[in-house]
Amino acid sequence: MAYEGILLGMGNPLLDISLVVDEEFLKKYDIKLNNAILAEEKHLPMYQEMASKPNVEYIAGGATQNSIKVAQWMLQIPGATGYIGCIGKDKFGEEMKKNSKAAGVNVQYLEDETAPTGTCAVCVVGGERSLIANLSAANCYKSEHLKKPENWALVEKAKYFYIAGFFLTVSPDSIQLVAEHAAAKNKVFSMNLSAPFICEFFKDAQEKALPYMDFVFGNETEARTFSKVHGWETDDVAEIALKISQWPKASGTYKRTTVITQGADPVIVAEDGKVKQFPVILLPKEKLVDTNGAGDAFVGGFLSQLVQGKSIEDCVRAGCYASNVIIQRSGCTYPEKPEFK
């Protein structure tokens, strides 16, 4: 029972529409590989085009939801995790509920009457992915839902929080409520840089939340964008990770730890003025299916050990294990049981 509701995530629940495409398709819709963006007018016909293809796949996704589901899978303790976000009252929303409950996550969705459940186009070329999110209902989340006693009870119960940076575009006030609660109650609050556009165009919202972050996750591209935006004039990921870890904190209970993944290159962990590097599990190219959900899975694996009070080494090992499993499958999906020791 000690683990019930220990980890709570909050974010944008999206249905992934995943398709293997070609360079031509990327050019047509002006998409870059290994990037994540919000859909613009020019991208809207793309969803229909993808949906019309015979090999299209629909997978419950959304960055935070992926991480929480992977943590739940790694823990194998029903109800250890919870998740909050907004979906539409439609078929996709029903699918999402079914999928998350089957995964053992205690989901509390706000259901929007007007907007459809959000979708994310996942365009895969040579195993690399590009994400284009059409938030729709996910964009309608309101902090009033969070403040309802039955939902705030999840916040009270949790000891660890994880929110992807993507949620900064939707409900920064909800993030602030949880962040302040975590600081006041000595709980662990973590976020993700999530995408270059978050670091660039939601800089103020990100900076407001940063003092509350005990763990900051991200990848090398996001870290370099963060450095550029803050005028640090360095591309050295280890140095950037260290600088992020030394950013002032709202609460002195925990020192901040920055964890930056770099694809096949070592994971960089900066804490307490020191930087460590951890090699990842290398995968032969022919075993790579797609990188969709790799970063999310890393965070999920990491958090699954963190909530058990394990060492940073063990957390990183679990993160690498989980992402290694996920990149050998389509989307953020996993086998029935983990084989992590």
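This is a predicted model, so every value here is computed, not measured.
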**Message:** For Val267 versus Cys320, what's the shortest heavy-atom pair and its separation?
**Reply:** CG2-SG, 4.0 Å

**Prompt:** How about Asp236 and Thr234: does a side-chain donor come under 3.5 Å of a side-chain acceptor?
**Reply:** no

**Prompt:** Between Ile175 and Asp173, does a side chain to side chain contact (heavy atoms under 4.5 Å, CB included) hold up when you go through it step by step?
**Reply:** CA-CA 5 Å; Ile175 295 176; Asp173 53 334; over 6 Å; no

**Message:** Between Thr261 (side chain only) and Gly263 (backbone N and O only), is there a donor and an acceptor less than 3.5 Å apart?
**Reply:** no

**Item:** Phe217 and Tyr162 aromatic ring geometry - parallel, tilted or perpendicular at 30°/60° bounds
**Value:** perpendicular

**Request:** Verify the distance criterion only: is there a donor paired with an acceptor across the side chains of Lys101 and Asn106 at less than 3.5 Å?
**Result:** no

**Item:** Short side-chain donor-acceptor distance under 3.5 Å, Glu49 and Tyr29
**Value:** yes

**Message:** Taking Lys276 first and then Glu313, would you say they form a salt bridge - that is, a charged N and a carboxylate O separated by under 4.0 Å?
**Reply:** yes

**Prompt:** Parallel, tilted or perpendicular: which fits the ring planes of Tyr58 and Phe92, with parallel below 30° and perpendicular above 60°?
**Reply:** tilted

**Request:** Determine, for Lys42 against Asp30, whether the closest basic-nitrogen to carboxylate-oxygen distance falls under 4.0 angstrom.
**Result:** yes

**Prompt:** Within the side chain of Gln72, is there an N or O that forms a donor-acceptor pair under 3.5 Å with the backbone of Val105?
**Reply:** no

**Asked** How about Tyr160 and Phe189: are their ring centres within less than 6.0 Å of each other?
**Response** no

**Asked** Going through the distances and angles, do Lys157 and Glu4 end up as a salt bridge (charged side-chain N to carboxylate O under 4.0 Å, His left out)?
**Response** CA-CA 8 Å; Lys157 192 163 209 180; Glu4 196 191 328; 3.2 Å; yes

**Prompt:** At their closest point, which heavy atom of Leu33 faces which heavy atom of Glu128, and how far apart are they?
**Reply:** CD2-O, 3.6 Å

**Asked** Do you know which two heavy atoms are closest between Ile240 and Ala223, and how far apart they sit?
**Response** CG2-O, 3.4 Å

**Prompt:** In terms of the angle between their ring planes, are Phe226 and Trp247 parallel, tilted or perpendicular, with boundaries placed at 30° and 60°?
**Reply:** perpendicular

**Message:** Looking at Glu111 and Lys97, is any side-chain nitrogen of the basic one under 4.0 Å from a carboxylate oxygen of the acidic one?
**Reply:** yes

**Fill in**
Of all heavy-atom pairs linking Ala115 and Cys140, the shortest is CB-SG, 4.0 Å

**Asked** Taking the six-membered ring for Trp, are Phe161 and His181 parallel (under 30°), tilted (30 to 60°) or perpendicular (over 60°)?
**Response** perpendicular

